[in-house]
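Report on the following structure.
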Amino acid sequence: MNRLFIIVPCFNEEEVLPLTVSKLTEALKSLISKGKISRDSGIMLVNDGSRDKTWEIIEEEYNKNEYVCGLNLSSNVGHQNALIAGLETAKDMCDMSVTIDADLQDDVFVIEEMIDKYISGADIVFGVRSGRKSDSFFKRATAHEFYKFMSRLGVKTVYNHADYRLLSKRAMEAVLEYKERNIFLRGIVSDIGFKTDTVYYERGKRAAGKSKYPFRKMAAFALDGITSFSIKPINMIAILGAVIILFSMAALIYALCSYIFGKTSPGWTSLIISIWFLGGVQLFALGIVGQYIGKAYMESKQRPRYHIEKILSRKNEDK
Ligand code: UDP
Ligand code: MG
């Protein structure tokens with residue numbers, strides 16, 4: 001059967017959540033009435049350690065809406081790990097999942113198209129934004145550069161695709177086999193293979209509330225994406241080092257010649273510049289290498305990625 005779970009990560013989303021649930025329920029009911037998904041499909045709201053009333057709202061929705069399930073994580077583990085928690089919990093209860101943000105920026109009505117593509121054999125269906133009109137100039141420009149830079153570094157991602165996607169059961173299982181803590185789902189889903197397809201949609205503005213991705217988090221996310229999937233930055237450091245060595249050899253020859261021909265000057269300026277320059281280069285290189293060492297350290301601990309405080313499963317669920 002085609003049992004669908006829509007997985008929604010929620011972090012401090014009290015303002016938008018009731019509206020989101022009603023829109024998703026509407027979409028789900030319409031899919032059920034068209035016979036595209038089974039009646040026991042549902043919506044899984046994952047509370048990612050919110051500090052506002054998000055969990056209370058999830059409980060309320062659970063009590064009045066038969067399609068709603070809730071998953072309460074014990075602390076804030078971030079968008080990606082909240083999605084993993086949702087996928088891991090839902091995977092045994094459904095044949096396919098759609099992950100979507102809580103803020104209704106993604107058009108819920110393309111879920112139907114995603115299901116059609118699943119029915120015709122796709123294991124992964126990417127929701128891709130047809131444009132970025134609703135974004136600020138800054139976000140648009142940085143996102144574009146980010147995708148370009150990622151592909152230059154050899155990280156496979158789907159251009160303008162965020163975390164709005166359908167995964168079949170086996171695609172979910174494959175994603176869950178990636179055990180890293182610094183998880184970058186966009187890279188992983190492009191890495192697992194299987195038959196993929198794409199649906200296009202116009203991304204709107206957040207229906208209510210503020211973005212949970214301020215610049216600081218966005219930059220950390222981008223850095224994580226790169227360092228989780230590519231070791232090219234390390235190679236670039238090595239190349240930079242080699243170039244500097246060549247460069248300093250030329251400088252050495254020049255200095256020796258100057259010395260032999262008696263044209264030496266006090267040389268303070270060049271000395272101080274090179275000390276600063278090389279110090280900077282070394283620190284920069286060390287910083288990047290440190291990123292990887294830090295990551296290896298974190299991964300070596302194999303710590304759990306989240307803890308579940310409570311699960312509200314569908315009332316008719318066989319336990
Ligand atoms: N989110 C989360 N944990 C976090 C940060 C965000 O679960 O630590 C969720 C958030 O509730 C939303 C989604 O991730 O459903 C995307 O966040 P947001 O819409 O704020 O990001 P933006 O669209 O501004 O990039
Ligand atoms: Mg958003």
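Being a predicted model, the structure only gives us computed values, none of them experimental. Excluded from the calculations below are hydrogen atoms, water molecules and symmetry mates; all remaining heavy atoms, backbone and side chain alike, are included. Remember, it's 1-based here, ligands and their atoms both numbered in the order they're listed. Positions are given from 1, in the same order as the sequence printed here.
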Determine whether more than 12 heavy atoms belonging to other residues, nucleotides or ligands lie under 6.0 Å from atom [atom1] of [X].
X    : atom1 : value
K217 : NZ    : yes
K23  : NZ    : no
F194 : CZ    : yes
K36  : NZ    : yes

Practice problem: Please say which of L166, V125, T196 ends up in a side-chain contact (heavy atoms from CB on, under 4.5 Å) with K117. | Solution: V125

Quiz item: Looking at L71, N72, L45, which one forms a side-chain contact (heavy atoms from CB on, under 4.5 Å) with W55?
Solution: N72

Exercise. Take K212 and E13 through the salt bridge (charged side-chain N to carboxylate O under 4.0 Å, His left out) test and state the conclusion after the steps.
Key: CA-CA 9 Å; K212 310 300 179 278; E13 298 287 8; 3.6 Å; yes

For residues 84-91, which side-chain donor-acceptor pairs fall under 3.5 Å, sequence neighbours excluded?
from	atom 1	to	atom 2	distance (Å)
E88	OE1	Y306	OH	2.6
T89	OG1	A85	O	2.7

Quiz item: Near ligand 1, which protein residues have a heavy atom under 4.0 Å away?
Solution: P9, C10, F11, E13, D48, N76, G78, H79, D101, A102, D103, Q105, K139, R203, R206, S211, K212, Y213, K217

Exercise. Can you list, by chain and residue number, the protein N, O or S atoms under 2.8 Å from the Mg ion (ligand 2)?
Key: D103 OD2, Q105 OE1

Practice problem: Sorted by first residue and then second, give each salt bridge (Lys or Arg N to Asp or Glu O under 4.0 Å) pair with at least one member in residues 93-111; sequence neighbours left out. | Solution: D101-R203, D103-R206, D106-R203

